[in-house]
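Just so it is clear, the structure is predicted and the values come from calculations on it, not from any experiment.
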Amino acid sequence: MLVDLQGPWSPLLGRLALSQIPYENPILAPLFVVVAIMGVAIIAALSYYGKWGYLWREWLTTVDHKKIGIMYIIIGLVMLFRGFMDGLMIRTQQAMAVGPDAAGYMGALHGYLTPYHFGQIYSAHGVIMILLAATPLLVGIMNIIVPIQVGARDMAYPYLNAVGLWITAAAAVLVMASLFVGDFSHNGWFGIAPIFELPYSPGVGVDYWMWVMQLAALGSTLGSINILATIVKMRAPGMTWLRLPIFTWASLATNIIALTSFPALTVALALIGFDRYLGTHFFTAGLGGNLMLYTDLFWLWGHPEVYFVILPAFGMLSEIIPTFSEKPLFGYVTMVLATFGIAGVSWAVWLHHFFTMGAGPAVISFFSVATMLVGIPTGVKVFNWAFTMYRGRLRFETPMLWSIGSLFLLLVGGFTGMMLAFPAINYMVHNSVFVIAHFHSMLLMIVYAIFGAVTYWWPKIFGFKLNETWGKAVFWLFTAGTVGVFVPMYTLGFMGMTRRLDYVFNTQWQPLLDVQMLGIAFYSLSVLAFLGLLYVSIRDRAKSWVSHDAWGTTHSVEWMTPSPVPFYNFAVVPHINARDEWSWRKEHGFTDLRPDHYEDIHMPKNTGIPLILGTLTLLLGFGLTWRIWWLCALSLALIIAVIIIRSFDTDTGYVIPADEVERMERAHHERVQAAVGLPEAGVPGGVTAYGQGNKPAAKGKVGAPGSGISSPEGSRA
């Protein structure tokens with residue numbers, strides 16, 4: 001039976017009322033006007049240029065893994081900017097609200113944010129950065145690169161891939177809606193029992209938080225199933241396990257973590273839902289519940305999740321560093337073992353920063369030792385990267401700069417993490433901003449790797465390089481911001497500044513808080529420089545077109561394909577002969593072999609069903625948040641109906657005729673030749689080397705020109 005609510009409720013609108021719209025808030029009301037104007041401008045531009053049909057055909061209904069990956073990255077970048085703005089507000093509030101004489105603005109006693117508003121921003125910042133910025137960015141890159149690296153034409157389940165994208169988009173829209181309708185949770189991004197219980201948090205903020213997390217978890221779980229199936233079942237002929245690129249290995253380990261850990265989050269949030277909606281008391285100590293049960297369940301997901309976002313970053317570094325060191329990756333097998341070592345130990349550390357919660361010495365000792373064990377496989381990786389660079393011909397282009405910055409932050413975050421693994425140190429700094437600085441060092445290590453990967457693979461996806469000068473400007477401005485914000489934060493942690501302070505009582509901390517503001521200014525400049533990077537690169541793209549191998553020293557399978565990669569990835573499924581297949585083919589002169597004929601390619605059809613399911617899921621989440629029961633029932637019924645109707649659709653694929661494949665390959669080759677002045681290689685497509693049929697190449701040899709092609713295995717609806 002549903003619990004009684006504090007405040008009004010109506011059958012039509014549930015808890016929703018005009019009073020829930022913060023039209024008098026001096027920050028949110030102007031922001032809503034800006035967002036509305038931007039929305040109208042986008043709609044007007046699409047209508048003026050007649051792009052609605054293009055948007056629907058090419059993007060909103062696509063099942064192409066590359067376009068889905070790009071949309072994941074767009075969601076991640078938008079939410080990264082939103083999370084950055086939240087962080088900017090947190091730091092500016094703390095810098096302004098120092099000491100009893102600090103001025104107050106916009107209704108705040110000190111600074112410009114009230115404690116309640118500050119708590120919402122603090123909570124939203126964490127949720128957005130972890131689940132809706134870092135995760136979509138990483139999933140997007142995995143979506144784009146993994147199928148190409150294993151020699152597949154698409155994901156194992158293209159339709160499911162699109163469903164996962166639009167459910168993730170629904171979570172992003174729902175958290176953005178909390179800005180303008182109602183409030184967001186104020187009890188931390190991870191939730192604190194029993195503060196999230198209905199008597200202590202009677203508003204809709206916790207409900208927004210809960211359903212945003214549930215939708216994001218569902219989207220990530222669907223994505224993990226797809227990537228795992230793609231790696232296990234869609235590899236090209238000859239792509240044995242020990243020939244997989246390291247990024248693919250990292251993606252495999254990452255999605256094993258996701259598939260097994262996100263259900264724990266789902267259960268924890270479901271139990272909160274039972275408490276808030278049905279009146280149970282799983283987490284209310286006075287009524288038979290257990291506060292620590294929530295902590296265990298949440299961090300049973302939360303700390304493996306940390307490695308869920310770190311391992312893909314490690315894989316990215318393992319692709320970028322060898323390319324710009326002009327050497328093969330040192331210690332391939334040990335790198336694979338270290339990856340799965342980290343994934344395995346990640347399940348044994350879920351309480352490794354909670355030594356203050358009252359557990360006994362045995363429990364504390366176990367998690368302390370387990371935390372230290374993570375450093376062993378991580379150290380293996382660092383040494384492997386160092387030995388890869390040792391005596392290499394290092395080129396400090398933009399992707400390499402981001403990679404080196406990522407390595408430095410990994411060392412800083414790793415050393416401070418080892419400090420926190422000691423219970424005595426942890427007791428002293430647990431609730432201080434030292435822990436925040438440590439955590440952000442690790443997350444920024446991931447952000448650096450992501451920016452390096454985006455710069456590295458950009459020409460493969462779009463056919464032209466990003467501007468090097470502007471790229472380096474973004475890097476140095478972002479690095480100045482990182483140093484300016486987090487070096488003072490480590491110092492403040494040692495000085496005793498606790499986290500979540502909307503008012504800073506100690507005036508001696510003011511100089512370091514001001515230095516943080518300088519760091520925020522550099523971060524803001526880096527955002528502007530990033531926009532400038534995109535503008536200049538797109539404007540001058542005709543001057544920076546590339547062929548298949550944008551950097552000249554790449555090594556893995558994706559660099560065999562044309563740039564940009566066609567929607568079918570490979571005109572002919574390649575046969576894999578070596579671990580670094582592209583390097584092997586360059587070494588043996590097999591980069592310009594041509595097939596004697598092409599074959600038909602079977603590809604999945606576009607469909608609007610995933611977008612419809614994502615929209616209905618958003619309505620369901622909004623209805624549950626506001627307890628609009630008719631909307632919940634209607635949207636849930638429609639979701640079930642759409643899924644059933646889709647299950648009867650057997651016409652989900654189409655065939656690209658062989659002559660059309662040849663025509664597209666030849667046209668692309670001529671376009672690239674005209675753009676970059678390539679010499680005529682006499683190869684339709686010009687850049688893809690093909691193996692001899694489906695047979696393994698004998699002792700490292702591929703077939704001669706005209707000797708046959710692989711059948712399009714792995715194609716499906």
*Just how far is it from atom CE of Met71 to atom CG of Leu165, taken to the nearest 0.5 Å?*
5.0 Å
*For the pair Ser635 (side chain) and Cys632 (backbone), establish whether a donor and an acceptor sit closer than 3.5 Å, ignoring hydrogens and angles.*
yes
*Counting only heavy atoms not in Phe32, do more than 12 sit closer than 6.0 Å to its CZ atom?*
no
*asked:* Main chain of Tyr157, side chain of Asn226: is a donor-acceptor contact present, judged purely on distance under 3.5 Å?
replied: yes
*Least distance between heavy atoms, Phe570 atom then Val557 atom*: CZ-CG1, 3.9 Å
_Give me the atom names and distance for the closest heavy-atom approach of Thr554 to Asp549._
OG1-OD1, 2.6 Å
_Lys NZ or Arg CZ of Lys465 over Trp458 ring: under 6.0 Å, within 45°_ = no
*Return the minimal non-hydrogen interatomic distance between Gly471 and Leu533, and the atom names on each side.*
N-CD1, 3.6 Å
*Looking only at atom types and distance, does a side-chain atom of His548 sit under 3.5 Å from a main-chain N or O of Thr561, one as donor and one as acceptor?*
no
*Does Tyr122 reach the side chain of Trp189, with side-chain heavy atoms less than 4.5 Å apart?*
no
*Is it true that the side chains of Trp209 and Ser123 contain a donor and an acceptor less than 3.5 Å apart?*
no
_Ser526 side chain to Tyr523 backbone, donor-acceptor under 3.5 Å_ = yes
*Counting distance only, does the side-chain N/O of Thr230 pair as donor-acceptor with the main-chain N or O of Ala156 below 3.5 Å?*
yes
*How long is the gap from CG on Leu179 to CD1 on Ile121, to the nearest 0.5 Å?*
9.0 Å
*Looking only at heavy atoms, what is the nearest atom pair of Ile144 and Lys66, with distance?*
CG1-O, 3.7 Å
_Less than 3.5 Å apart, any donor N or O on the side chain of Gln120 or Tyr208 sitting next to an acceptor on the other?_
no
*Hey, would you say the Trp559 and Tyr456 ring centroids sit under 6.0 Å apart?*
yes
*Please report the closest heavy-atom contact between Ile628 and Leu13, naming both atoms and the distance.*
CG1-O, 3.3 Å
*Decide yes or no for Ser524 and Ile520: does some side-chain heavy atom of the first lie under 4.5 Å from some side-chain heavy atom of the second?*
yes
*Can you tell me how far OH of Tyr568 sits from CD of Glu660, rounded to the nearest 0.5 angstrom?*
8.5 Å
*Main-chain N/O of Ala571 paired to Arg153 side chain as donor or acceptor, under 3.5 Å*: yes
*Side chains of Asn143 and Asn161: do they bring a donor and an acceptor to under 3.5 Å?*
yes
*In Å, rounded to the nearest 0.5 Å, how long is the span from CD1 of Ile167 to OG1 of Thr221?*
9.5 Å
*Are any side-chain N or O atoms of Asn255 and backbone N or O atoms of Ala258, one a donor and one an acceptor, separated by less than 3.5 Å?*
no
*Cation over ring face, Lys51 and Tyr54, 6.0 Å, 45°*: yes
*About how many Å separate CE of Met213 and CG of Leu132, when rounded to the nearest 0.5 Å?*
9.5 Å
*Ion pair present between Glu558 and Lys460, side-chain N to carboxylate O less than 4.0 angstrom?*
no
*For the residue pair Phe247 and Trp457, is the inter-centroid distance of their aromatic rings smaller than 6.0 Å?*
yes
_Flag, side chain of Thr135 to backbone of Ile130, donor-acceptor distance under 3.5 Å_ = yes
*Which value, rounded to the nearest 0.5 Å, describes the distance between Leu137 atom CG and Met142 atom CE?*
10.5 Å
*Do any N or O atoms from the side chain of Arg82 and from the backbone of Met79 form a donor-acceptor pair under 3.5 angstrom?*
no
